[in-house]
Amino acid sequence: MERCEIVLSGFGGQGIVLGGIILAEAAAIYDDINATHNQSYGPEARGGASKSEVIISKEVIHFPEIEYPDVLVALTQEAANKFAPTVKEQGVLIVDSGVKINDQIKDKVKLYSLPITEMAVKVAGSEIVTNMVTLGALVAITKVVSREALEKAMFSRIPKGTEEVNMKALAQGFALAEYLV
Amino acid sequence: MERCEIVLSGFGGQGIVLGGIILAEAAAIYDDINATHNQSYGPEARGGASKSEVIISKEVIHFPEIEYPDVLVALTQEAANKFAPTVKEQGVLIVDSGVKINDQIKDKVKLYSLPITEMAVKVAGSEIVTNMVTLGALVAITKVVSREALEKAMFSRIPKGTEEVNMKALAQGFALAEYLV
Amino acid sequence: MKRQVKLLQGNEACAMAAVAAGVRFFAGYPITPATEIAEILAQELPKVGGTFIQMEDEIASMAAVIGASIGGVKGLTATSGPGFTLKQENLGYAAMVQVPCVIVNVQRGGPSTGMPTLPAQMDVMQARWGTHGDHPIIVLCPSTVYEYYMLTIKAVNFSEMLRMPVIILSDAVVGHLREKVVLPDISEIEIVERKKATVPPEEFLPFKPDADDVPPFVSYGKGYRYHMTSNNYDEGGYPATNNHQVADKLLRRLHNKIEKRRGEIVMTEEIMMDDAEVAIFAYGCTARSAYSAVETARAQGLKVGLIKALTLWPFPREVVEKYGDKVQAVIVPEMNMGQLVGEVERALKDKKAGVRPLNRFDGKMITPEQIVSAVKEVK
Amino acid sequence: MKRQVKLLQGNEACAMAAVAAGVRFFAGYPITPATEIAEILAQELPKVGGTFIQMEDEIASMAAVIGASIGGVKGLTATSGPGFTLKQENLGYAAMVQVPCVIVNVQRGGPSTGMPTLPAQMDVMQARWGTHGDHPIIVLCPSTVYEYYMLTIKAVNFSEMLRMPVIILSDAVVGHLREKVVLPDISEIEIVERKKATVPPEEFLPFKPDADDVPPFVSYGKGYRYHMTSNNYDEGGYPATNNHQVADKLLRRLHNKIEKRRGEIVMTEEIMMDDAEVAIFAYGCTARSAYSAVETARAQGLKVGLIKALTLWPFPREVVEKYGDKVQAVIVPEMNMGQLVGEVERALKDKKAGVRPLNRFDGKMITPEQIVSAVKEVK
Amino acid sequence: MAKYIIEVRKNWCKSCGICIDFCPKGVLGFDTEGKAAVLDLESCTGCMMCEYRCPDYAIKVEGSESNEAAS
Amino acid sequence: MAKYIIEVRKNWCKSCGICIDFCPKGVLGFDTEGKAAVLDLESCTGCMMCEYRCPDYAIKVEGSESNEAAS
Amino acid sequence: MAVHVQDYLRMHKMPHIWCPGCGTGIALGAVVRAIHNVGYSRDEVIVITGIGCSARTNAIIDFNTFQTTHGRALSFATGFKLTRPEMKVVVITGDGDGAGIGGNHLIHTCRRNIDITTILINNSIYGMTGGQYSPLTPRGSYATTAPYGTVEPSFDICKLAEGAGATYVGRATAYHVTLLEQLVTKALKHEGFSLVEAITQCPIGYGRRNKMKSPTEMLKWQREHAVNVKAAAGMSPEQLEGKFLIGEFVNKTAPEYTKLYQKLIEDAQSKGAK
Amino acid sequence: MAVHVQDYLRMHKMPHIWCPGCGTGIALGAVVRAIHNVGYSRDEVIVITGIGCSARTNAIIDFNTFQTTHGRALSFATGFKLTRPEMKVVVITGDGDGAGIGGNHLIHTCRRNIDITTILINNSIYGMTGGQYSPLTPRGSYATTAPYGTVEPSFDICKLAEGAGATYVGRATAYHVTLLEQLVTKALKHEGFSLVEAITQCPIGYGRRNKMKSPTEMLKWQREHAVNVKAAAGMSPEQLEGKFLIGEFVNKTAPEYTKLYQKLIEDAQSKGAK
Ligand SMILES: Cc1ncc(C[n+]2csc(CCOP(=O)(O)OP(=O)(O)O)c2C)c(N)n1
Ligand SMILES: Cc1ncc(C[n+]2csc(CCOP(=O)(O)OP(=O)(O)O)c2C)c(N)n1
Ligand code: SF4
Ligand code: SF4
Ligand code: SF4
Ligand code: SF4
Ligand code: SF4
Ligand code: SF4
Ligand SMILES: [Mg+2]
Ligand SMILES: [Mg+2]
């Protein structure tokens, strides 16, 4: 695996930060390659916009910042407006359905518009598992980590008693994307 | 005037610090040569021992510390014990009568033992003018400043209403020493 | 605990390492980007019988840590710029009175409250010179989460071994980054405990040093009654405020504690320096960019190497000097307006190599590309 | 007031100069050997309609002085080591927010409370680097009572002219010494007032600099309503915490304010340097010993000169460099363990002259004899 | 016609629900975007509590006498 | 014989006069060197006030029952 | 005259940065209306803050404003007021800023009785840094630095201010927003130092961890636990158990600092020092 | 058992450095006797000071002792006590040290109710630095920094401590030296934080400038202006005008900090965080 730079963006409450950590752990611990994770801080990151950055690579990751992500997930229009223009040429852009992306960007990237939050609400009755649906779809599309690694990483991080609903959300994420791909 | 280094020592309440300042001002302002003044600080200098250092010189005074004074006044035994050994060979040592100086030092310096505090008490009823008696004697012996300068400097520093008693103390100081010299 | 593979945040690694090194007291005050260290220790210390307290400010935090250390327990505090400034007076106390303790400063952008969530390396000189009076200090600087863990343990060890405060200077990048680390088994890590008294109370002089210039540090309340003061003091621990000889001796000894162990304390890594024509001298998060730059430049056939400093103070002048006549230039990238570059210049005073600062102070990391360009400018 | 001959104590001269320079606010906290400045101003300021207040600590004192300056009045505070350390956070605030004010540090012996009544020059590096974050500063250092007077006026002037805090670093020798001074007539002294707004309130941007990089400083309460913050800020004065471009521009500007006026700010005196083979670089009370040493050495036929620095920061590197290939060695006597000597070394990086530190840190002045010996060692 | 005019700045409203939960008359509710909206203007008594308790200054009630100097 | 023994450490005494001024029985006075001295031991009631109020710990009154744990 | 906070906002700084449902904005609204009530002009008012969410208040209101270092606003304000006694100085601080790191300046400013009106926005937590316990966090609460619940008693900041000599002290909540406005109005009119504590909700930093999921729940908590000091006079200790008091606690007359200093200046100029 | 302060002195550190007639020594004597009264061994007592004349106390007494930075003794002591709860921690501070620069630590230590006994030696002045006014200098007094007389009101430090939540508070004077000893004895026995203010004379820094030339005069002033709180209960405001109260002001029971923390540790080890 070449260095792959992934940005997950949305708003607080969607579990974006935890999602990023799980993805990074899947790579670092269970797939035994290298990974870093970063998030945004400060008042702007509380209650409002939320961002999670993951780099996955076989090589040691020295420089940990992402300027032009290979993969971007944007769960809100605001996030999409802010970050979609930064996606690399031919990169992957995953958005929640309803999020609009202009043609200029569409031409440049591989766009996947998926009903992520809708699916999350369907699975759990609330947006609480949005992150897992997202991760499922992301990994299905990018294969950036193995599905087993992702599942193991997820289990090690979620609260006891929520295994089933999270597992289901993850599976639905995979399904959403596989249906598309 | 070559550089002349003078140390006045005694205890708080004898006006040692003010005495030093007056001497330095006599030189600097009224005799129009150079002078510096220094004193000791800190808890040790409060209520207890007191020390005033004056350097008088025609040249600019760069280095302002005194290691081996040309002239030392010691008004207490304690002060004499501490500082008398530092007086320069052939320097002037003025002590209050009753203060004992050992022979070794006696051989080295010009010793003047004068009834300074006794005279002060005689003049003012208390030790309050000890510093003026001291200055009178010191200047009489060393001629380090002119008598006029000393008087002017004194007048500019003492509280209104005390001119007479201080003037008298100064004069008695001169008298004490002149009698001896 | 066995050798473990983990994805750890830098500040988390620091907190875990503190516990592993035997730290049992933390006092702090919230500040971004250091707060995680407090938060984790608030949770972890009680589990191992230790104490966490949030004090009313950073001054009190530093004081409490020193108080705890005097009580006989290893103590640590963590903060960022503004708090680091407030801790300086008591840091000087610890240096003077010779009380071990560790201060972590996770650097963020200044001056003043500047850019509180963004990284910087602006407190490098302050870490050396931030308090009044003249005393030496040890400052360690991690560039990876793994180093953050290991240097935290080193910091605690140096501090206990030498009876002195030790500073860890990390930054918002290394503090907040989560990355993969492989932690050694705890049994493989050397943990240092402070020296005990070797003489009975009657003969005991609290500041009589051993041959290594370090006096044993004996806990109060066990029969050794003595005094300590931050004024100039004699071997008995009593103020000798105006005693010049005592002052001279004491200050020399404070310096010698470090100088005598320079070999052990000064830690650097030399990467691809063997045949290097240009050296990059870097530390902290900037060393990550530099490493990446070296790889890129080498791939382009440029003979570039990296001197990574893990110890900032005492400054690793011997390592820099070594290359002074071998390389054409030393590039010093720093996230500040030029700080440690001055020490590089001093070290190279009589050497041929030129020195090239590369500075950035806008809250963003220096990129590998910026460094590669700087290398090309030399050639 | 006419040209006057006086026997003044250093701290007294400082207080008088402050009043002459237009200082009308002092907030402080007692500390030896700086307290006289407060005591005299407690007496003098009310007489000229100014305000003296003793605050609860040094942090509050520094804050109050800045508050007063924001109120439109020239403010000054005075302290020594421990208090100087406590003032650092708000000093950084003043630098960042660009509030003029003067801080006097009458140096005494450290580390910590060390030797509180004895002189030292141990806070030289702290004066430059004592606060977190990276910002430039002006530090002036008198070696005589006369210089103390004149540099206090300069400090107030620089501070108002450049909208920044200025530090006066004196010491217990110069602070407590009484010596003869001839003061110039007040009318001969240039007094600087801060710049006024040149545009009406609607157009006013509080941090839009003029060509000299200094924005005018407009008093509140007169129709110009605006905001100031210590976070990274835009020209409107509002926080732009994460704006990299704004940060870069702001920090460069803070540096340029000084750099653009280096010629005026960097003050030195070169004494018998014309044919000197050995230079002594000295400042503060130590420059007095050095002057005396030069006289002695010259009398013995040794070609020695003195570079006396009145400005310590920005460091007068141009002056040192000038002699870098002319003299054999530069001797740097300091009452610390070696501080400004590092800057001398940097300045001489590509020069022939060697650098010889001469240090003393036991509460006693370096004697002229010590310096003369050092000179002889070179020859 | 209603006695009061209630203006909601939708782009300032952060959907906290305070105005809705504490309106004594049930005048307010969420719109489809989750922002505060006036549902029953007629019932409004001009008590100002929605304006005073809105953390985001998103509501303005015009025409109320309650909104005079408080003391 | 007097009931109490009063010891004055002359080299610690700083001649402040407190013990003298507040001795309810006038037991103490200055000696020729200005140090505190026992002038009238017989009158001493062992009240301990001289010892307790001496700032320099220069006085020790032996044999008093007042000098038991105070509370 | 009728007023809306909007009339006093720096519109280009809106919407503000606080979290949804944050009580800070409610408290600020009351302060703005109080200033309006008293009839001060925008130009004669200066609002000074420290650091924290509470400190972001003054950036958005159209008075003379500046933010200072953490905990030190009152000291800056003291310097300012001494040189500009004609201006109306308002300090807005937080429970961490004002009672934690700034506690010493708070009590000394109370003592001096200098004419500064302080509003301490007590959200029971360090909000800006993400939810650490403060000296005003009720014992037993959870916080990021109190994962087992705090063991520390909290200050009654009004009692503390009274003990320090403050001449005007009161407390209200975001729920009791009109009382808050009234108290701040009286505080502004008071000659000397005045402190009004505004108990507010921090749903993100405090509520979430302490079983109060929504801002509304937190406001209800305020409603249910606050007892007006007048009502409390007639209540038994049992009835007051677990409650806190709101209303005006101290209101007394004493010489104001800048007035006294002005007199000192006059004396110095006429008579000279002792 | 009969005791003399001399029995507890480090004889090689005598005579001490205080000025003739200084009240610091009198206060220290009472503290030493109180420690003796309670029956603590020398080894289990630690005496911590800050900076000032008051801070020189612990260098001359034979317990475990250390001096800290100016104003911070209580914070050092808090760290110490938390790690060594079995030791008896005594802090001796001054009016500048404890109520000036150290005011914040004082109120927070009161609040936490940690088992530390503090003796605040109030000589109404910054003694060590030569006589500047302190926050406890009575208004109108002269000092080197108050050549026209102070305009600042002073703290009633006992009221401040009470307002901050202290559970034991009392005051005596150097003149009332046995009361002082009694209060310190009770304070030492009290579980939780205790503060005893000792009003003492500084003839050099305060007396000289305020028309009290001798130590004796100053002690007489104490005698004439102090009213025991019990006696005061029966006195009119007019009778109390210009007087100050001595005696025990607060004595109440509340959970002690290190005990609570010990329980937290036990819980954490058995149950874990929320
Ligand atoms: C000296 C210093 N220490 C710590 C900080 C970090 N800090 C910023 S805001 C804050 C908390 C403020 O809490 P509070 O006053 O309660 O305000 P809130 O955010 O809750 O309104 C802290 C500790 C700082 N900026 N400066
Ligand atoms: C940070 C700091 N500021 C100032 C000082 C100087 N200083 C030393 S002692 C002292 C006064 C102490 O006054 P107080 O606490 O009343 O003690 P006293 O000497 O009167 O017993 C001061 C201000 C210092 N050492 N440290
Ligand atoms: S109170 Fe304000 S922010 Fe909250 S829902 Fe209502 S209008 Fe929106
Ligand atoms: S003014 Fe009162 S009644 Fe009208 S909408 Fe607002 S809260 Fe409801
Ligand atoms: S009280 Fe003590 S010091 Fe004072 S005179 Fe009596 S014995 Fe001497
Ligand atoms: S014990 Fe009492 S009566 Fe006896 S000398 Fe002392 S003070 Fe006087
Ligand atoms: S963290 Fe709390 S106080 Fe700060 S803005 Fe959010 S809700 Fe308000
Ligand atoms: S200055 Fe005052 S408090 Fe200090 S030793 Fe002298 S008399 Fe005592
Ligand atoms: Mg808060
Ligand atoms: Mg005092």
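Residue numbering restarts at 1 for every chain, and letters A, B, ... go by the order of the sequence lines.
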**Q** Could you state the interatomic distance from OG1 (C:Thr51) to NZ (H:Lys81), rounded to the nearest 0.5 Å?
**A** 12.5 Å

**Q** If you take all heavy atoms of H:Ile51 and C:Ser230, which pair is closest and at what distance?
**A** CD1-OG, 4.4 Å

**Q** On a heavy-atom basis, which atom in C:Met55 and which in H:Arg112 lie closest, and how many Å separate them?
**A** CA-NH2, 3.6 Å

**Q** What part of C:Phe52 gets closer than 4.5 Å to chain H, counting heavy atoms only: side chain, backbone, both or neither?
**A** both

**Q** Any side-chain to backbone donor/acceptor pair from H:Arg72 onto C:Ala63? Under 3.5 Å, distance only.
**A** no

**Q** Within a 6.0 Å radius of atom NZ on C:Lys249, are there more than 12 heavy atoms belonging to other residues, nucleotides or ligands?
**A** no

**Q** If you take the centroid of each ring, where Trp contributes its six-membered ring, are H:Phe76 and C:Tyr93 closer together than 6.0 Å?
**A** yes

**Q** How close do H:Tyr261 and C:Pro46 get, counting heavy atoms only, and between which atoms?
**A** OH-CG, 3.6 Å

**Q** For the residue pair H:Asn64 and C:Gly221, what are the closest heavy atoms and their distance?
**A** OD1-N, 3.4 Å

**Q** Between C:Ile59 and H:His105, what is the shortest heavy-atom contact and its length?
**A** CG2-NE2, 4.2 Å

**Q** Does C:Tyr220 use its side chain to pair, donor to acceptor, with the backbone of H:Met87 at less than 3.5 Å?
**A** no

**Q** Shorter than 4.5 Å, heavy atoms on both sides: which option in H:Leu264, H:Asn58, H:Ile48 has the most such pairs with chain C?
**A** H:Asn58

**Q** Can you tell me if C:Thr229 and H:Gln67 form a side-chain donor-acceptor pair at under 3.5 Å?
**A** yes

**Q** Just to verify, what does H:His190 make a ring pair (Phe, Tyr, Trp, His ring centres under 6.0 Å) with, not counting sequence neighbours?
**A** H:Tyr168

**Q** Does a sphere of radius 6.0 Å around NZ in H:Lys159 hold more than 12 heavy atoms from other residues, nucleotides or ligands, not counting ones at 6.0 Å or beyond?
**A** no

**Q** Looking at H:Arg84 and C:Ser219, what are the two nearest heavy atoms and their distance?
**A** NH1-CB, 3.9 Å

**Q** At what distance, to the nearest 0.5 angstrom, does NE2 of C:His227 lie from CD1 of H:Ile61?
**A** 9.5 Å

**Q** So, are H:Asp43 and C:Lys222 salt-bridged, with charged N and O less than 4.0 Å apart?
**A** no

**Q** First locate atom CG of C:Leu45, then atom CD1 of H:Ile265, and finally report the distance between them rounded to the nearest 0.5 Å.
**A** 9.0 Å

**Q** To the nearest 0.5 Å, tell me how far H:Ser75 OG sits from C:Glu58 CD.
**A** 12.0 Å

**Q** Scan side-chain atoms only and decide if C:Tyr238 and H:Arg10 contain a donor-acceptor pair under the 3.5 Å cut-off.
**A** yes

**Q** If you round to the nearest 0.5 Å, how far is OG1 of H:Thr109 from CD of C:Glu56?
**A** 6.0 Å

**Q** Return the option, out of C:Val73, C:Ile53, C:Val65, with the maximum number of heavy-atom pairs under 4.5 Å with chain H.
**A** C:Ile53

**Q** For C:Asp57, is it the side chain, the backbone, both, or neither that has a heavy atom closer than 4.5 Å to a heavy atom of chain H?
**A** side chain

